[in-house]
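Below, chains carry the letters A, B, ... as their sequence lines are ordered, and counting in each starts from 1.
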Amino acid sequence: MNASLPEALRAAFPGAAVEERGGFGPVLVLGGGAALPEACRALRSQPEFVFDVLEDYTALDEGDRLQLVLHFIRSEEPAVQLTVKAPVARTGEEVPTLSGLFGSAEWYEREIFDLFGVRFAGHPDLRRILLPEDWQGHPLLKDYRDDKTLHRTGD
Amino acid sequence: MAIVEKWPAFTERFPGGGLLLTSIEFFLNWGRKNSLWPLTFGLSCCAIEMFCTGAPRYDWARLGNEVLRASPRQADMMVVAGTVCWKMAGRIQRLYEQMAEPRYVIAMGACAVSGGPFHFDSYGTVRGVDQLIPVDIYLPGCPPKPEALLHAVLELEKKIAADRLPGRRPVKGARP
């Protein structure tokens, strides 16, 4: 399965790009955050994939947009890792939640909301999870500034 | 019997002082410094060294730090062992205010002293617990060894021993 996984991904997701990296499994790049629930449902249930463990769900600030990054593993042999990426707009875009599909996504999405400000539509309890409740802003955005932080670079 | 034999030795330490007042002060400090009650309270990796200091190999109960109390109402010494984040700041202040007076604070490790490696470019770290509560002893290290924490407790005991009742002049040459 390991060798044929990129081909199977290309066949199942014709609109998405598939990148291959040595050692870490392929990367499936979706068109946007709105495609996430459908793609994850297919990755979880289709017998040629069965990626049934959402290992990690985080985000990256790429300057002009945010990139949601999901890591999947399988709970059965062969042990294969899959990375799914989905770009979303920096502000204002609502992304459908995955918490109905993967229980672990609920707290991951709260963390992404807390640190990056991405709002997840349909999330049952979208509150801050790491920072104090009255915190202003989302500190892992590259343009985040506050009056408490000492910036060594001075910009 | 034993305390009566020791009595002249205690009084001789304060030549020229009022006997009664000097004795109360001395015995108060003597009792306080030999019976510290630390709070069961650790924030991160420094707490591992603190637990090690409390365990039999180093055994800070020898110094009078008898047992880590699980309630701030029963504790009068707080070792801030680890990184203080802004979410924890209010909790630390509340714990400190709930502790029995007189209360003492040891800032253990670089993070509790100044923010340590998170001093710059960190949105979440308080740069030194002395921004929140008064600190008696600053103990640097990342993390400090148990021997260093024992030294900090001994320094705190010296500081308590030099404590003065309200209105008394400080002892000449004593630590502040």
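Ranked by heavy-atom pairs under 4.5 Å with chain B, the list Asp134(A), Leu130(A), Asp146(A) is led by Leu130(A).
Note on residues 70-91 of chain A: pairs passing ring pair (Phe, Tyr, Trp, His ring centres under 6.0 Å), not counting sequence neighbours, are Phe72(A)-Phe102(A).
Interface residues of residues 72-90 of chain B toward chain A, defined by a heavy-atom distance below 4.5 Å and sorted by number: Trp86(B), Lys87(B).
To the nearest 0.5 angstrom, Lys85(A) atom NZ is 6.5 Å from Glu19(A) atom CD. Distance check: Arg110(A) CZ to Thr97(A) OG1 gives 12.0 Å after rounding to the nearest 0.5 Å.
In this structure, His123(A) and Phe120(A) have tilted ring planes: the angle between them lies in the 30° to 60° band.
Considering only residues two or more places apart in sequence or on other chains, Asp59(B) meets the side-chain hydrogen bond (donor to acceptor under 3.5 Å, both in side chains) condition with none of them.
Of the two parts of Leu140(A), only the side chain, counted from C-beta on, holds a non-hydrogen atom closer than 4.5 Å to a non-hydrogen atom of chain B.
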Donor-acceptor contacts under 3.5 Å from residues 96-105 of chain B side chains, at least two apart:
residue, atom, partner, partner atom, Å
Arg103(B), NH1, Tyr96(B), O, 3.1
Arg103(B), NH1, Glu97(B), O, 3.2
Arg103(B), NH1, Met99(B), O, 3.0

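With 3.5 Å as the limit, one finds no donor-acceptor pair spanning the side chains of Ser122(B) and Arg127(B).
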